[in-house]
Structure formats: C-alpha cells, structure tokens
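A short worksheet on the structure shown next.
Proteins get letters first, then strands, A, B, ... in listed order; numbering begins at 1 in each.
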Amino acid sequence: MKYNFEKIEKKWQEIWNKEGTFNAKKNCALPKYYVLIEFPYPSGEGLHIGHPRPYTAMDIVARKKRLEGYNVLYPIGWDAFGLPTENYAMQNKIHPAVVTRDNIKRFKSQLMSLGLSFDWSREINTTDPSYYKWTQWIFLKMFEKGLAYKKEMAVNYCTSCKVVLANEEVIAGSCERCHSEVVRKIKSQWMLAITKYADRLIDDLDTVDYIDRVKSQQINWIGRSYGAEIVFPTSKGDNLVVYTTRPDTIFGATYMVISPEHELLEKWSDSIENYDEIVQYRYLASKKSDLERTELSKEKTGVEILGVSAVNPATGKKIPIFVADYVLMGYGTGAIMAVPGHDQRDYDFAKKFSLPIIEVVEGGDIEREAYVDCDKGLMVNSGFLNGLNVEQAKTKTVEWLMENGIGGNKVNYKLRDWVFSRQRFWGEPIPIIICDKCGYVPLKDSDLPLMLPELEDYEPGHEGESPLSRAEDWVNVSCPICGRAAKRETDTMPQWAGSSWYYLRYCDAGNENFLASKEELDYWMAVDWYNGGMEHTTLHLLYSRFWHKFLYDIGVTSQPEPYLKRTSHGMILGDDGQKMSKSRGNVINPDEVVKEYGADTLRLYEMFIGDFEKTAPWSSESIKGCKRFLDRVFDMVGFVVDGKDYSKDLEVLFHKTVKKVGEDIENMKFNTAIATLMTLTNEIYANKRLNKFEFEIFLTLLNPFAPHITEELWQMIGNKSMISAAEWPKYNPEKCQEDSIEIAVQVNGKVRGRITIDVDAEESEVLETARSNQQICEMIKGKTLIKELYVKGKIVNFVVK
RNA sequence: GCCGCUGUGGUGGAAUCGGCAGACACAAGGGACUUAAAAUCCCUCGGACUAAACAUCCGUACCGGUUCAAGUCCGGUCAGCGGCACCA
C-alpha cells in the first residue's frame, strides 16, 4: 500500500476536530502544562512558511506532554488590530472588521491543514468587543492607579503612516513598519508609566528561565545606570541639576550643556543676550528628524548662552553654559556637566568651541583624545580627591555632595514611559471622556466595552488627528459626573495593547464576567513555556511583563511573572540564503508544500532543517529526504510481527532512542531527535522484522513530529483508541548501553588501535588488554611508558617517549 | 562605540562534562532493477599520497597557550549576524 498523505491527513484532521481531541480540560486534579506561541497577526498575505516552525516545535512539546499525562493548554488566537488591515480597508473601501474576518478564515484553514494540536475551543480575537472590553478595563485600572496619564510631549511621528510611534517602534530614526522618516511633534498623548516597573522588570529576570540573549537585550533596553545628581548654581539664582555616572570627575567639568528643549531657557529669556540665536537653534533642532540627529552625530553643534553662567561647586570657578542637541531632554535631567578630559563627546565639543580640557585622572593622553576607560588611574588636579582611585573618588564625591546638600546618588534608566495613544481607527478606543470641568473621566465598568463608531472612511486627519474625531454622534457625550457637554477621547490604543494580556484570556476564554476567573488563572498560570521571535523582546515581551506585574499588584493574578520559560526560534530564509520577499522571488508558499509533500513532511522538515534557534535556509531538495523517511516509516508496517516486548537485537537501541528523543524535545534539539529516529529506522530496515510492541513505541516517539501518519499506522496495526491518547514510552537507564563496547586506544593522543571491552571491566584489565593489542604493542615497543590513562567507557591513552 | 551571538566537508548540520571530528540528511558519482524514465535498493563521498586499498600525514576562520588529550577551555586577531546607539 502506498502512503497517501492527502487522504490520511484530511481524515485525522476531521476526527480530531470533531472530537475536540486536544481541548484542554478545565482546572482539575491533573498536572497542567501551558505551552504558548505568539498568536499571529492575520495579514492579507496568508501564512508564511516561517510560521509553522515555532508552531510545530511547540506542538511537539504539547503533544509529548499530553502523552506524558499532563492536562495541556496549547491555545491559538488572533492579534488582529493594526495598520496593514486598516490600510487595506481604506484602499478597498471594505470595513476593517470584514477584512479581519476574511483573513482569519484563511489563516485558520491554513493552520488546520498543518495538524497543529491547538485548543480551538478557546480561540480569541483581540478585535472582538467581548475581548477588548477587558483590554479597556485594564487600561482604566491603570488610570485609576495613576499609571495611565496624559502628557504634552514631543512624540515620534511617522510622516507616512501619519501616526505617533512608541520609541520601540522607531528604528534608527525611521518607522519600523514603513521605513519612512520619523519627525518629532508636540502632542498630548496617553502614556503608561512602565518606568515605575523598571527595577522589577530587570530584577525579576533572575526568577525566570529565559534564554540569555532575551535577558541581556531587555536589561540593555531598560538601561539602568548608577550615578549621581549634582546641583550647579547659576548666575540667575536657579539651580541647574545634572546627572552623571562620573561624579568623581567634577573638578574636570569646565562647561555645561543643556538640551534645546530645556525649560530654563524660557525662564531665562530676559537675561539671555543671544536669545534669538538660541530660539533659532532650538527650532532647527526640532525640525531635525531622529535620523538626521543620528547621522550628524560626528559633528557637534551648539550655541553658548550669553548672559547666564554657572559655577562649578567643586572648583568655585565660573563656567559657561551651552545649548546643544547632543544632550537629550528625555534622559537624566536634560543637562550635563561636561568633562572634556574624560568623555569623548564633550572632548569633541570642547575642541570645536575652544573650551578648556583638564585632566583629572592620570594615565591618558588628553592632547589626543578623551581618557574615557580610566578605571585604573588615580585622581589629579582634583583638590580633596587627589591620589584616590576612581571608585574611592566616586564614593567620596557623593559623600561631599550630601554633606553640602548639593546632590547624591541617583539611578537612571534609558527606558521611557510608553506612548500609548494612536490616532488611527483600527484599535481599541480609549474609554475616557474629556470634560472641561471634570477633566479626564473614566467610563464605568458597566459601560464597557466602548465600541468603535461606524465611519465612512478611516483616513487620519491631516494634522494627525484620529479619524474617530469625525464621528460626531459618538464623540459628543455628556459628562458622567457633571452632566455637561463633553467629548470622548478619540485616540485608540496601540497594537501592543491586546497582546499584553492575551495569555490570561486563554485560561478562561468564554468568561463573560471577568477577564478570566480566579480559579482558572490560578490553575493555568504561569505559562510554562513561551516561544516567540527575538523581534518582540523589547516590545511585546517587555510590555506584557509590565501589564502582568500590574495585574499581579491589583490581585488579578497570583504570580509576579507571566512566563516561566522563554525561548526563541530562528528565521527561515529563502533557498538563496536571503530573507524571503516577493521582490526577490524566493518566497515558499506553505499551501503548496503541504499539497506536494503533506503536512507531516513539512513539519518534519522544518524541525530537521537545523538548530531551532538559528536562521536556516529553505531547501526544496532537502525536504525530499523527510518525505523519503516517512515513506519508509509507512512501509515499515510490512515488517511487523506479533510480539509484546523488545527483540534482543533492538532492545538497547530502543532504550537509547527513547531517552534521546525525550531529552532532545525538552532541549529544543528537534533536529537530532529526528536524526535518532532515522538511525533507528535504518536499523529496523536492516533487520526487516519488528515486534508490534516495538512498532508502537516507534510510532509514539514519532507522533509529536508527524501526527497524521502515526495515527493512521497505529490504527492499521489494530489499535482501537488513538495514538494521541497513548502513553509516552519510558526507558531503563541500565539498558541504554551494550554489555561490551569498542573503545579507541591512543598513543600520545593519537588513535592507534581499538579494543573491545566489557563495560564494567576494571581499569587494570582494560589497560592490559590495550597493551597486548598488536598494533599498540608495535607502537610502544622500545619506548619508555611515562603515563597510562583510562577514562571509563571512553578511551585509553598511553604516553610514551 | 557598547551588548549579545556565530565561524566545522560541495550543502543543511552532528559531536552531553575536554575523550575516535563530520552522526543524520541533501547534492554528486558509480552500480542493480527497468524496453526506458521515475521510484526503489546497494556502493563511494574532507584533503594529500595511491591504479586501488592498507598505512601515514594534514584538517573544525587565523595566531598562540593550558592539557596525556582541544571543534570544545584560556589569551589575542580576523570575518559575519542580531540588538542598542550623542543615554552623560
């Protein structure tokens, strides 16, 4: 009989679907295991060949855990708000909800065709009002606790998408999505105070099992640094506060710089002699996009503030103050003390403006460049700090600052609060009413969900105002507190909102009274294993950890962290080694692969393609090997004879294989797990005879990788129940090794012969056998034996001279 | 510039704690079966030397070190990938 994958796969998908084979049970006495993948954005292009890689990997984990007796939750849903859908809707005059529905339909049938063991009964959709009701509810809780606030601020504005972006969405000065220019614009925006959680987001990484590169990227992104704030008096009487990580270098501070947006500039406007020049500089700086600022980073620009100066509190000397855009308003205090001797940027600036450069740590050559990495040098030209090392000087300076009441230790972060407003249609409306008298008034819980209004078109306004502002019936309301005319907030939430808590909804997807019941949350949370892309490390992953911690603080969840384990998969490239793209013409369509080879082969190949964590090029040739393997597995049924135990020939190999496949799945080494099964298959083909018991073990091991074919063969050999309800095999560690093994014998570290020994043989016995080996005898004859080594079960080495 | 990662046959990749480098596949070459092709099965497959095999030597980006023994550990160099980037 021929392996008819098309028929087999259709048959089992229908059975699983009809019976809900993989639906998780509600909270119960069984041990639980929660496996999570990042739910897809249902784009118009349909499933990408890269999607099945993580989905299959986690499917393998889920299926294995089920076979091991766990109550497994492996859910799926749709992260469906967002710009591509909205843009498509605008171009084609179709409602985004309709576009979303059609895209989901296509994605769903594609995912179904892969035999993924999702619990479809818990399917969620972030654009469903019964879902975003709770996204809005969480926002209101944050508002209630003061974590959501509105602020006039310079925001990143994408000139093409006409939308405000979060810092995380700006890549090297351009829009993450469309790569257009991003400029700064002053706007009133909703913000979420993620910075209040900065320390916990770093420190709690110690309590979870994330791959190192995820941890280090998050730590890097949050960017915690320890330093000091120092107060510099000015000639205007106002104090100018700076942040520095090098308080020890204060004697070398020969000038100061404040950022163009600094508030003191306006306050000092009357006293500044060249105020016009400064206003002009500030205007030019604001016109610069982030891209230009970055590109021009080599050449420093700035203007000296004439008429106002500061005093270095350590030296007592009068020093000038400059305005320059190399100092950012968003970090520290927006002002610095410049130490050109020991900071390259200050050095470049000082050279350009002919400012004094003083060496305060010896050991460098400040004639040539700033001496930056000067941890080992001693302080000079620094009054009471002279002779100390850098660490001592830091401590002493901070003590001195505190004694004089002009500063102290300070921790700073690169992380900024999350810009949460979007001026677009296809997002969750922010459930706030703006009243002239009462301010920002939250909707009552009973008024949620606040549904999106119906609109004729979804174009944003020319000044970047939200399309919702045109829905006058919807916008104009009366204030819930005072009853006067008021307006709804017209901004919507960013795409990251719905995905910040979706894993909680899966625990109790249909709940109408709350985002999920306490019982189900306590049973299922935390997620045991979450796999996703590296590109979400500083966005989704950080955001959702923040929301989760907030929900933990208000008692919704019982664990401080949402995900116990986080891993990441590599991308699949085109067969030319380049990223797949339409323009390169190297795109592989999963539907076509399934049609030609079947889902089991696709699954197997994507797991066999290479190290799961690394990028791998697709090969239309290599996939044939996986198909060939499944053909051989199918034909194996012809070797099966009755037998309820292992045969003598294969017993050790089977025990080894059970051990290896199980461990490899746990360690994400799917490729070597498959290689091991291939080796066993080759051995079975050499024997051409297989006990039924052995075949069942083999099928169970292969089942997580290739679920359809194994289900079919399981039935073909007479089983009434499904293999999906079988038990994961166990191995006996004692039977994982042959009684006698061959080991290599080295002379001076080079293999010169091999001997067969009993596994448990004594060292002296093994060495004797090795010495009497003919080849070895000849090699060591007439030479002095200096040392002999035996590493049990591995190797013998004779050192001779 | 800073942080993280990776360099192994023609290709994708194996090698648990330092113990026989190249598992498992793909491609290629040869053979069997076939009228023929496809499919399938068998053999060869890092390099040098060799008609071939045995043997020997070389070989995990490069240079050096530790060790009886290094793809693996240490120091340095080069190349590539990812993230951040005027963060004081």
Side-chain angles (χ1 to χ4, degrees), chain A residues 2 171-173 211-221 223 225 227 242-246 249 257 259 290 293-294 296-300 324-328 330-339 342-346 348-349 372 412-416 534-535 537-538 570-571 575 577 605 608-611 613-626 628-629 631-632 635 660 663-664 667 669 671-679 681-682 685 742-754 775 786-800:
Chain A
K2 203 175 167 303
I171 308 294
I211 49 172
D212 288 341
R213 55 198 170 125
V214 169
K215 282 193 188 184
S216 67
Q217 258 185 48
Q218 288 207 342
I219 291 168
N220 226 327
W221 183 261
S225 73
V242 302
Y243 172 74
T244 177
T245 55
R246 296 296 306 276
T249 61
V257 186
S259 94
D290 281 359
R293 268 204 184 189
T294 315
L296 297 172
S297 65
K298 284 153 219 146
E299 188 66 12
K300 297 277 179 292
D325 65 2
Y326 83 91
V327 172
L328 309 172
Y331 185 77
T333 62
I336 62 159
M337 65 174 203
V339 184
H342 302 277
D343 182 289
Q344 194 57 44
R345 291 154 302 175
D346 297 345
D348 295 343
F349 192 85
V372 181
N412 243 317
Y413 307 90
K414 288 188 202 170
L415 183 73
R416 307 193 199 160
M534 280 309 288
E535 69 275 21
T537 303
T538 54
M571 231 193 320
D575 52 11
Y605 176 58
F608 189 61
I609 195 167
D611 185 335
E613 299 197 68
K614 291 189 195 142
T615 55
W618 181 268
S619 164
S620 301
E621 293 298 332
S622 287
I623 190 172
K624 289 176 186 163
C626 292
R628 234 168 259 163
F629 169 66
D631 284 337
R632 279 156 70 83
D635 291 340
K660 175 83 174 146
E663 287 173 354
D664 278 355
N667 296 320
K669 304 220 166 233
N671 53 340
T672 51
I674 293 166
T676 307
L677 288 169
M678 286 173 168
T679 305
T681 301
N682 293 341
Y685 264 75
E742 195 184 61
I743 63 164
V745 181
Q746 299 181 330
V747 176
N748 288 343
K750 295 201 164 160
V751 180
R752 298 297 178 184
R754 37 190 78 246
Q775 273 167 308
I786 296 169
K787 201 171 178 181
E788 37 186 29
L789 289 119
Y790 170 55
V791 182
K792 194 168 186 290
K794 293 229 166 106
I795 208 155
V796 171
N797 191 8
F798 294 117
V799 187
V800 295

For [X] and [N], is the shortest distance between a side-chain N/O and OP1 or OP2 below 4.0 Å?
| X | N | value |
| --- | --- | --- |
| A:R628 | B:rA27 | yes |
| A:Y243 | B:rA88 | no |
| A:N682 | B:rA23 | no |
| A:K750 | B:rC58 | yes |
| A:K624 | B:rC26 | no |
| A:R752 | B:rU56 | yes |
| A:N220 | B:rC2 | no |

Report yes or no: does [X] contribute a side-chain atom to a donor-acceptor pair with the main-chain N or O of [Y] at less than 3.5 Å?
| X | Y | value |
| --- | --- | --- |
| A:D346 | A:V339 | yes |
| A:Q217 | A:T537 | no |
| A:T679 | A:A675 | yes |

Test item: side-chain donor near acceptor, A:E663 and A:N667, under 3.5 Å: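 Distance-only check fails for A:E663 and A:N667.
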Sugar-phosphate only, base, or nothing, as touched by [X] at under 4.0 Å among non-hydrogen atoms:
| X | result |
| --- | --- |
| A:T537 | nothing |
| A:D212 | nothing |
| A:S225 | sugar-phosphate |
| A:S619 | nothing |
| A:F608 | base |
| A:E742 | base |
| A:K414 | base |
| A:E663 | nothing |

Give the rounded distance in Å between these two atoms: [atom1] of [X] and [atom2] of [N].
| X | N | atom1 | atom2 | value |
| --- | --- | --- | --- | --- |
| A:Y413 | B:rA88 | OH | P | 14 Å |
| A:M337 | B:rA88 | CE | P | 12 Å |
| A:D611 | B:rA15 | CG | P | 9 Å |
| A:I674 | B:rA23 | CD1 | P | 18 Å |
| A:K2 | B:rU40 | NZ | C1' | 12 Å |
| A:K669 | B:rA23 | NZ | C1' | 13 Å |
| A:R213 | B:rC81 | CZ | C1' | 11 Å |

Taking a pair as Watson-Crick or G-U wobble with both distances under 3.5 Å, which nucleotide is matched to [N]?
| N | value |
| --- | --- |
| B:rA51 | none |
| B:rU35 | none |
| B:rC17 | none |
| B:rG29 | B:rC43 |
| B:rC78 | B:rG7 |
| B:rA70 | none |
| B:rC2 | B:rG83 |
| B:rG22 | none |

From [options], pick the nucleotide closest to the side chain of [X]?
| X | options | answer |
| --- | --- | --- |
| A:V751 | B:rC20, B:rA88, B:rG4 | B:rC20 |
| A:I609 | B:rG12, B:rA27, B:rA88 | B:rG12 |
| A:T672 | B:rC24, B:rA88, B:rA14 | B:rA14 |
| A:P617 | B:rC3, B:rG19, B:rG12 | B:rG12 |
| A:A675 | B:rA88, B:rG83, B:rC24 | B:rC24 |
| A:R632 | B:rA88, B:rC41, B:rC86 | B:rC41 |
| A:E621 | B:rA88, B:rC26, B:rA25 | B:rC26 |
| A:S622 | B:rC41, B:rG83, B:rC26 | B:rC26 |

Syn/anti state for B:rG47 [syn: chi within 90° of 0]: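 Anti conformation for B:rG47.
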Base B:rC5 to side chain A:K614, donor-acceptor N/O within 3.5 Å cut-off: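 No pair found.
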No-H, no-angle donor-acceptor pair, A:R754 side chain to B:rC20 base, under 3.5 Å: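 Yes, a donor-acceptor pair under 3.5 Å.
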Within 45° cone and under 6.0 Å: A:K300 NZ/CZ vs A:F349 ring: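 Geometry flag: not set, cation outside 6.0 Å or 45°.
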Stepwise side chain to side chain donor-acceptor pair (under 3.5 Å) check, A:Y243 with A:S225: CA-CA 11 Å; A:Y243 172 74; A:S225 73; 2.8 Å; yes
Nearest non-hydrogen partners of A:I609 and A:W618, listed with the distance: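 Smallest interatomic distance, heavy atoms only, reads CD1-CA, 4.2 Å.
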Closest non-hydrogen atom pair, A:T333 against A:V242: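 Nearest pair, atom of A:T333 first, then A:V242: OG1-CA, 3.4 Å.
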First of A:L789 and A:T333 reached from the 5' end of RNA chain B, by closest nucleotide: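 Per heavy-atom nearest nucleotide, the more 5' residue is A:L789.
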A:F798 or A:N671, whichever maps to the more 5' nucleotide of RNA chain B: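 By nearest-heavy-atom nucleotide position, the 5'-most residue is A:N671.
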